[in-house]
Amino acid sequence: MIKVAVIGIGGMGSWHIENLKRVKDFQVIGGYDINPAKKEILNNWGYKFYSDENELFADEEIDLVVVATPNNFHKHYVLKTICSGKNVVCEKPAMMNAEDMKECIKAAEERKKLFTVHQNRRWDKDFLIVKKVLESNTIGSFYFIDSRVQGSRGIPGDWRCVKEAGGGMLLDWGVHLLDQMLCLVKSPVKEVYAQLLSVNFKDVDDNLKILLKFENGVCAQIQVDTNCFINYPRWHISAIDGTMVIDDWNCTGKIVKANTLSFNWEEGIIYTETGRTKTMAPRPLKTLDTLPLPEVYGGWEEFYKNIADVLLNNAEPIVKTSEVLKVIEVMDACFLSNEKGIAVNLK
């Protein structure tokens, strides 16, 4: 059994404990939180509460530490975990900037310890559908990906509203969507342009738009909106031979693709409700096929199944720190782009 301790017994820390229980190779021993009131919660669940972080790190029974604290504490706990000779899973964003990430990667490599990041949304069903369609070349070569997450509640009234704690949507949802995008497009990011807005929370970004250009010519847009009352589709993919839309997390949507590569367009001007056009003439329906979205399985417990395989069987981690570093470098470029009002070239 892989013996686990969790640091940070809030919403995500509790979520990790529940998911670890679903994977047979793990045994949660206990946890630590700076709030002593969490002791009763852990004890009621049947787990040990460590009186301070040093007691946890000194516990030789612990093989793996899960860091689920506010973002500004990640570096401290990751480095202390590694230096105590234990493996570590850190919540996203792994670090507040790329330099901190490099420092932690170096420490883990020197001590030969696992350091990985909980990018659990690589197992979201909607993302896996997009990944399957693009990898199967169902709609041909893709050239634009639009990825959006929208709601109207605003940011929950906790540390996510506090700049010093690493609050804001770029460090929350943005890092998930960047990670997904870099997994889909197998090419380095060439250019980043970002607009981070503070609509209802003056100290942190609560709405954002990011434009990415990749070296292979693919472009992408990422949007996170916490004040949206009419949602765009979750995904809209443009490719040479077709278009794919996923409307929401329930994965309603469709694929529309060409069933013939060449045909004779009707000559002359096309008249539409808004006037005449030639460029925007609709494609004849007989040249199109409408397909359902493919079926896929997505389960967040797969992340921990992979961690068990890494620690017990020397498998490769699915979420590699080299990949996470690239995401954080793009994230850094987003902050710089927004501050300067310019597109940032990463090369």
Side-chain angles (χ1 to χ4, degrees), residues 6-20 31-42 44-45 66-78 89-97 117-127 147-181 194-210 222-232 234 248-250 298 300-301 303 324 327-328 331 334-335 338:
V6 178
I7 298 178
I9 314 301
M12 284 309 302
S14 303
W15 186 92
H16 279 283
I17 290 172
E18 286 301 310
N19 272 272
L20 284 160
Y32 167 70
D33 196 289
I34 59 174
N35 181 357
K38 302 293 184 178
K39 178 178 181 178
E40 183 178 357
I41 294 173
L42 274 180
N44 287 341
W45 291 346
V66 176
V67 176
T69 65
N71 299 334
N72 58 324
F73 293 108
H74 287 182
K75 179 184 177 182
H76 168 78
Y77 286 120
V78 166
V89 168
C90 186
E91 255 304 324
K92 59 79 204 169
M95 299 293 143
M96 299 276 277
N97 57 66
V117 181
H118 186 235
Q119 293 290 171
N120 58 302
R121 295 200 175 270
R122 292 191 188 187
W123 285 268
D124 279 5
K125 186 177 180 181
D126 58 281
F127 168 71
S147 170
R148 302 172 187 255
V149 171
Q150 300 140 108
S152 55
R153 176 186 174 179
I155 302 176
D158 57 13
W159 60 266
R160 291 172 181 83
C161 305
V162 181
K163 183 177 181 179
E164 292 75 16
M169 285 295 101
L170 179 54
L171 291 168
D172 189 60
W173 266 104
V175 70
H176 274 311
L177 303 190
L178 285 170
D179 182 71
Q180 289 182 339
M181 197 66 72
Q195 294 176 320
L196 310 181
L197 305 180
S198 300
V199 177
N200 293 312
F201 297 87
K202 63 183 178 64
D203 294 327
V204 297
D205 61 288
D206 55 5
N207 291 262
L208 63 88
K209 288 186 178 179
I210 302 169
I222 288 171
Q223 180 178 357
V224 178
D225 190 341
T226 66
N227 194 60
C228 182
F229 300 91
I230 301 176
N231 287 359
Y232 285 94
R234 170 69 184 88
D248 47 41
W249 278 312
N250 292 325
W300 286 350
E301 73 278 2
F303 172 82
V324 175
V327 171
I328 296 178
M331 190 178 70
C334 289
F335 282 119
N338 180 71

_L197: which residues meet the side chain to side chain contact (heavy atoms under 4.5 Å, CB included) condition with it, sequence neighbours left out?_
V199, N207
*With sequence neighbours left out, write down each residue that passes ring pair (Phe, Tyr, Trp, His ring centres under 6.0 Å) with H16, or none if nothing qualifies.*
H118, Y304
*Excluding sequence neighbours, so at least two apart, what forms side chain to side chain donor-acceptor pair (under 3.5 Å) with D203?*
none
_Counting neighbours of NZ on K209 that are heavy atoms of other residues, nucleotides or ligands and sit closer than 6.0 Å, is the number greater than 12?_
no
*Check salt bridge (charged side-chain N to carboxylate O under 4.0 Å, His left out) between R160 and all other residues, then give those that pass, not counting sequence neighbours.*
D158, D172
_Working to the nearest 0.5 angstrom, can you tell me the gap between F303 CZ and L20 CG?_
9.5 Å
*asked:* To the nearest 0.5 Å, what is the distance between CZ on F73 and CD on E91?
replied: 15.5 Å
List the atom pairs, donor and acceptor, that lie under 3.5 Å between side-chain atoms in residues 147-155 and the rest of the protein, sequence neighbours left out.
{"from": "S147", "atom 1": "OG", "to": "R234", "atom 2": "NH1", "distance (Å)": "2.8"}
{"from": "R148", "atom 1": "NE", "to": "D146", "atom 2": "OD1", "distance (Å)": "3.2"}
{"from": "R148", "atom 1": "NE", "to": "D146", "atom 2": "OD2", "distance (Å)": "3.3"}
{"from": "R148", "atom 1": "NH1", "to": "Q223", "atom 2": "OE1", "distance (Å)": "2.1"}
{"from": "R148", "atom 1": "NH2", "to": "D146", "atom 2": "OD2", "distance (Å)": "3.0"}
{"from": "Q150", "atom 1": "OE1", "to": "Y232", "atom 2": "N", "distance (Å)": "2.9"}
{"from": "Q150", "atom 1": "NE2", "to": "Y232", "atom 2": "O", "distance (Å)": "3.3"}

*Indicate yes or no for a side-chain donor-acceptor contact from D205 to the backbone of L196 under 3.5 Å, with no hydrogens or angles considered.*
no
*Should M169 and V204 count as side-chain neighbours, where that means a heavy-atom distance under 4.5 Å?*
no
*Which distance, rounded to the nearest 0.5 Å, do you find between the CG of N19 and the OG of S14?*
11.5 Å
*asked:* Restricting to ring pair (Phe, Tyr, Trp, His ring centres under 6.0 Å), what partner residues turn up for W300, sequence neighbours left out?
replied: W15
*Distance, nearest 0.5 Å, that separates CH2 of W173 from CG of L178*: 12.5 Å
*Quick one: do R122 and D179 make a salt bridge, cutoff under 4.0 Å?*
yes
*Hey, what do you get for NE2 (H76) to OG1 (T69), rounding to the nearest 0.5 Å?*
9.0 Å
_Donor-acceptor contact below 3.5 Å, side chain D33 vs main chain K38_ = no
*Rounded to the nearest 0.5 Å, what's the gap from CD1 on I17 to CG on L42? Could you check?*
5.5 Å
